[in-house]
Amino acid sequence: MLVLALFLPGEQCTAVELKQTQALVNWGKICEANIPLDIHTLVKFFRRRIPCRCLDKKYEQVKGFKKLGHCYNQDCPINYGQVERGKTFYCSRCRNVTYCSRECQKADWTTHKRECDECVARIAEFEAKK
């Protein structure tokens with residue numbers, strides 16, 4: 001997992017600053033690299049980045065495993081804020097953070113609002129340049 005925490009910031013910054021393929025760094029994705037990941041996400045991450053086909057067999061074994069996401073409400077009652085990714089709710093404005101429930105999203109709004117406003121402004125600026 002430490003490896004992911006080292007790779008992701010570089011990839012995200014490259015996409016924003018050099019390639020200009022996205023509006024902003026997805027810090028939520030980077031933060032998720034610091035929490036225990038599910039095996040599916042870990043294998044998929046390296047499978048995309050290693051040019052050989054050595055992880056294809058392992059990927060077939062783990063692709064049915066549940067993918068885990070993270071609730072960004074610091075007071076989330078779920079253990080480590082980990083929830084099945086398919087059941088997470090994205091912030092409808094910035095689409096940059098996820099929550100385990102509508103209640104967690106509402107509870108975190110006062111904390112997230114300022115960051116959300118900045119994200120939305122950067123996304124609009126990026127889209128206007130296209």
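We're numbering straight along the sequence, starting at 1.
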Only counting residues at least two apart or in another chain, list the ones meeting salt bridge (charged side-chain N to carboxylate O under 4.0 Å, His left out) with Lys129. Glu125
Rounded to the nearest 0.5 Å, how far apart are CZ of Arg95 and CD1 of Ile123? 10.0 Å
Spacing of Lys106 atom NZ and Phe89 atom CZ [to the nearest 0.5 Å]: 11.5 Å
Begin from the C-alpha positions of Thr88 and Tyr99 and carry the test side-chain contact (heavy atoms from CB on, under 4.5 Å) through to its verdict. CA-CA 5 Å; Thr88 57; Tyr99 297 97; over 6 Å; no
Separation between NZ (Lys87) and OG (Ser101), nearest 0.5 Å, reads 12.5 Å
How close do Thr110 and Ala107 get, heavy atom to heavy atom, and via which atoms? OG1-O, 4.3 Å
Please report the shortest heavy-atom distance between Asp108 and Tyr72, naming the atom on each side. OD2-O, 3.8 Å
Note: Cys52 and Cys54 closest approach over all heavy atoms is SG-SG, 2.9 Å
What is the distance from atom SG of Cys104 to atom CG of Asp75, rounded to the nearest 0.5 Å? 8.5 Å
If you compare all heavy atoms of Gln105 against all heavy atoms of Tyr90, which two are closest, and at what distance to 0.1 Å? NE2-O, 3.8 Å
Indicate, with yes or no, if Phe65 and Val43 share a hydrophobic cluster defined by side-chain heavy-atom contacts under 4.5 Å among Ile, Leu, Val, Met, Phe, Trp and Tyr. yes
Kindly write out the residues that satisfy salt bridge (charged side-chain N to carboxylate O under 4.0 Å, His left out) with Lys63, not counting sequence neighbours, or none if the list is empty. Glu60
Distance under 6.0 Å and angle within 45° of the ring axis: does Arg48 meet both against Phe46? no
Could you tell me whether the side chain of Glu115 reaches within less than 4.5 Å of the side chain of Val97, counting heavy atoms only? yes
Looking only at heavy atoms, the pair that brings Gly81 and Cys76 closest together is CA-SG, 4.2 Å
In this structure, CG of Asp117 is separated from CZ of Arg122 (nearest 0.5 Å) by 14.0 Å
Criterion side-chain contact (heavy atoms from CB on, under 4.5 Å) on His112 and Cys91, from CA distance to verdict: CA-CA 9 Å; His112 174 64; Cys91 171; 3.5 Å; yes
Arg53: partners by salt bridge (charged side-chain N to carboxylate O under 4.0 Å, His left out), with sequence neighbours left out: Asp56
Which heavy atom in Leu55 sits nearest to a heavy atom in Arg47, and how many Å separate them? CD1-N, 3.6 Å
